[in-house]
Amino acid sequence: MNQKTEPLLRVEDIHISFGGLKALNGVSLEVYPGEIMAIIGPNGAGKTTMLNIINGVYTPDQGRIFFEGTERPLKMKPHNVAAMGISRTFQNLALFKGMDTWCNIMVGRTQKMHSNFFSQGVYWGTSQKEEIEHREAVEWIIDFLEIENIRKQPVGMLPYGLQKRVELGRALASEPKLLLLDEPMAGMNLEEKEDIARFILDTNEEIGYTIALIEHDMGVVMDICDRIAVLDFGNKIAEGTPEEIKSNPKVIKAYLGEAEQA
Amino acid sequence: MSESIKTFPQILLDNAEKYGHNKIAIREKDYGIWQSYSWQDYLDQVRDFALGLASLGFKRGDVMAVIGDNRPELYWGLAAAQCLGGVPVPLYQDAIEQELHYILDHSEAKFALAEDQEQSDKLLVLKKEIPRLEYIFYEDPKGMRKYTEPFLMSFTHVQELGRKFGQENPNYFMDEVNKGKPDDLAIICYTSGTTGNPKGVMLLYDAVVRAAKSFMEFEGLTENEEVMAYLPMAWIGDHIFCYAEAIVAGFTPNCPEDTSTVVHDTREIGPTYIFCPPRIWENWLTQVMIKIEDAAWIKRKMFHFFMDIASKAEKLRMAHESVPIGLQIFYQLGRFLVYAPLLDNLGMRKVRVAYTAGEAIGPEIFEFFRSLGMNLKQLYGMTESTALISIQKDGDIDPETVGTPAPGVDIKITENGEVTYKSPGNFVGYYKNPEATEETLIDGYVYSGDAGYITKRGHLKIVDRAKDVSKLTGGTLFAPKYIENKLKFSPFIKEAVAHGMNMDYVAAFIDIDYGAVGNWAERRHIAYTSYTDLAQKPEVYDLIYNEILRVNRSLSEDEQLRGAQIKRFLLLHKELDPDDGEITRTRKVRRKFVAEKYDNLISALYSDKDSVAVDATFTYEDGRTTTMKANLSIREAETF
């Protein structure tokens with residue numbers, strides 16, 4: 001990706017600690033428009049903490065966050081962050097298990113609903129037009145993710161891989177400027193991983209969404225990402241293209257341990 | 001029929017004039033909604049695409065391959081090629097590249113219309129090997145954004161070109177459509193041969209339109225029928241029902257959203273006219289049986305009780321005997337409590353005419369659906385006859401036969417028992433294959449390759465492929481497929497191979513249905529580790545033993561086949577698999593191959609051993625092989 005363009009998201013010198021534990025220690029990152037950017041690192045490196053800071057779940061002790069060139073306050077409610085155009089998925093699925101696929105994805109449209117409760121209730125005026133728009137958007141996503149056959153099934157009954165796909169669908173429904181994916185492939189078998197990798201690539205290429213993702217599975221990350229940042233014990237130890245990361249001695253050390261040097 | 005025959009594009013023009021926007025011509029479920037197109041829309045879409053093709057140099061006689069799931073755009077593609085005097089060649093969408101290579105090359109296709117990225121990718125690879133292929137079009141643009149090949153275009157882009165071309169050449173379309181004559185080639189359908197390369201069956205407009213009209217008159221089809229378009233477009237069955245008849249009669253095919261949603265979409269439409277190969281009826285029956293087994297006690301009891309009633313009543317009806325009043329009352333009660341709700345559940349409550357075609361259907365499967373009150377009928381047809389040979393007539397149904405000759409069809413049986421026919425839908429020859437044409441088409445009669453005879457009631461009974469039929473040493477007729485189909489009615493039996501040619505008695509290999517038997521075993525707390533382990537459980541042998549007895553009992557009722565009851569059988573240690581070459585991709589047993597591969601198993605069946613050791617070689621999908629040892633038991637079965 002073209003590094004000279006203005007980054008979509010820039011975080012600068014982020015510090016956060018929980019009790020005595022320094023989870024992030026002065027990390028800076030940029031995400032550029034149109035790219036797939038991955039944050040990788042061993043367990044406890046601070047990857048999810050970083051996502052939680054970006055979408056407002058945590059407030060950092062120190063640092064600055066810029067989105068679309070303007071600085072946003074460090075302390076912000078997650079739904080306000082979502083309204084700015086940042087949506088995310090979760091490591092351990094956060095779907096409404098009793099609702100069907102269609103409804104779960106429709107929840108993602110909430111940000112875009114403007115007509116009031118009462119006019120929606122009688123399906124009248126602008127709310128009618130809006131409802132049709134939202135339904136079209138949801139159906140478009142169902143078609144895009146190829147989940148037509150589970151449209152009306154309660155998500156709690158679906159296999160894990162499909163639930164992940166529904167969650168991706170819900171994140172897409174808010175038409176985000178930046179899509180954050182927290183371990184989209186965790187706990188999947190190879191086939192499911194390949195499926196979701198293809199959908200992530202399609203999301204990026206077909207719809208043109210900017211994506212930042214956290215992932216454990218190095219293999220997949222190397223295949224689909226444009227740029228990678230590596231965290232270890234709350235510090236950023238490397239950043240670059242997949243090729244650069246693969247040959248970076250610090251990364252090898254973080255992943256394989258000190259024994260590698262012997 | 002003395003009226004003049006028109007081409008499909010000409011009939012399409014009539015339809016657009018007659019119905020305009022007032023009648024729906026085709027529906028497709030897309031984005032969760034049934035999107036409808038009127039006959040006027042149908043014509044407009046076809047015209048724009050045809051003119052687009054013309055602007056790209058499509059000439060009379062050019063061939064366009066069409067590949068993908070059933071989509072309105074693909075049907076429009078067929079019509080568009082025909083408008084310009086071209087010939088469409090529909091291809092099987094699940095065919096792999098090598099299989100497509102032969103047909104694309106042999107048919108000399110210059111254009112290809114694909115459904116989506118998956119099919120386009122296959123064609124792009126093939127284009128490198130077959131430079132004759134000039135343009136590839138795709139219907140679904142998903143995933144195609146980064147393709148830059150200049151010869152690759154979307155369906156809508158071609159239509160845009162067509163609109164421009166139409167403005168510059170306002171009379172072009174009508175001129176080309178009017179040039180069409182009944183003795184022009186309408187379509188080439190390639191048949192999936194079990195031996196050798198596929199053969200291209202050439203069908204004229206005259207044949208296809210006449211066949212469609214014949215069906216219409218025979219069944220009294222109107223423009224109000226609803227059919228599901230979900231079978232491969234390359235199959236003559238889909239072509240005649242969802243394209244030819246739909247245009248001639250003016251009724252509506254419905255394209256499901258996805259192959260995985262067919263069942264659900266069928267329920268939404270409630271088709272009035274339906275056709276399936278036996279395999280799909282079989283699947284439905286298996287599904288029903290499994291669901292019933294899992295249903296509550298009371299439902300299960302009710303189902304079995306009323307199915308008994310229904311079966312008794314249907315047997316009497318088919319034998320033209322009167323149904324006693326008591327049985328009638330119970331049948332009506334059953335209709336209310338069981339049959340109608342069950343049909344509704346399958347989305348088939350409105351079905352007026354249902355066909356099973358393509359292969360022989362197990363009589364028990366057939367009776368099951370008929371006894372529910374569905375007008376299911378057997379149709380005997382082939383690509384070479386545009387599917388029109390014989391159909392069972394309403395009220396004159398014999399489950400063992402395929403009915404009487406359809407209107408205009410003459411059937412003759414040769415001395416060695418082969419069925420030959422002369423149908424209005426007869427083909428004119430195999431494309432670029434005069435030798436095969438000479439062998440098959442003699443004096444206007446097509447030699448079907450099926451063995452059969454005409455029963456006392458004047459019905460045609462198909463027994464098996466002529467080359468597979470043989471005799472036991474005792475002289476009894478041995479038709480392996482006939483026996484296998486009877487076995488496969490059981491939800492627990494997936495595949496079966498019967499042996500007996502020049503032997504004293506019939507013996508069989510059985511492949512259990514892993515899902516159904518596994519489910520059955522779990523409910524009985526029978527632990528198993530694998531398919532092989534499950535198949536060799538004595539309890540499973542007992543289960544299958546009862547199925548064998550059922551088949552033997554039913555064979556004993558047929559004078560001709562009485563001596564062909566199954567004496568000994570074994571359960572195979574693995575499922576027969578196309579990857580291992582044991583069955584074809586359309587699930588037909590390759591007898592010679594199986595006989596050679598399992599030579600030792602067969603000789604054990606014809607000895608007095610009660611078990612046989614097997615050294616099996618498996619081929620994985622990546623081509624690796626592995627061997628495995630197992631000991632298979634052999635059981636004797638009682639005969640009647």
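Below, each value reflects all heavy atoms present in this structure, side chains not excepted, and no hydrogens, waters or symmetry copies. Just so it is clear, the structure is predicted and the values come from calculations on it, not from any experiment. So you know, we letter chains A, B, ... as the sequences are listed, proteins then strands, and number each from 1.
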Here the gap from T261(B) atom OG1 to I150(A) atom CD1, rounded to the nearest 0.5 Å, amounts to 12.5 Å

* Any chance CZ of F151(B) has more than 12 other-residue heavy atoms, nucleotides or ligands included, within less than 6.0 Å? -> yes

Check this for me, if you would: do E206(A) and K146(B) make a salt bridge, where the nitrogen-to-carboxylate-oxygen distance has to be below 4.0 angstrom? no

Looking at K97(A), I'd like to know if its NZ atom is crowded, meaning that more than 12 non-hydrogen atoms belonging to other residues, nucleotides or ligands lie closer than 6.0 Å. yes

CD of Q117(B) to CG of D202(A), rounded to nearest 0.5 Å, is 7.0 Å

Those residues at least two apart in sequence (or on a different chain) that pass side chain to side chain contact (heavy atoms under 4.5 Å, CB included) with N70(B) are Y75(B), A229(B), M233(B), D238(B), C255(B)

Interatomic distance, CG@N149(A) vs CG@D265(B), rounded to 0.5 Å, equals 10.0 Å

message: Using a 6.0 Å cut-off, check whether atom NZ of K152(A) has over 12 heavy atoms from anything other than its own residue.
response: yes

Here the gap from E257(B) atom CD to R151(A) atom CZ, rounded to the nearest 0.5 Å, amounts to 4.0 Å

d(I33(B) CD1, R135(A) CZ) to nearest 0.5 Å is 8.5 Å

With a 4.5 Å heavy-atom cut-off, do K142(B) and F144(A) have their side chains touching? yes

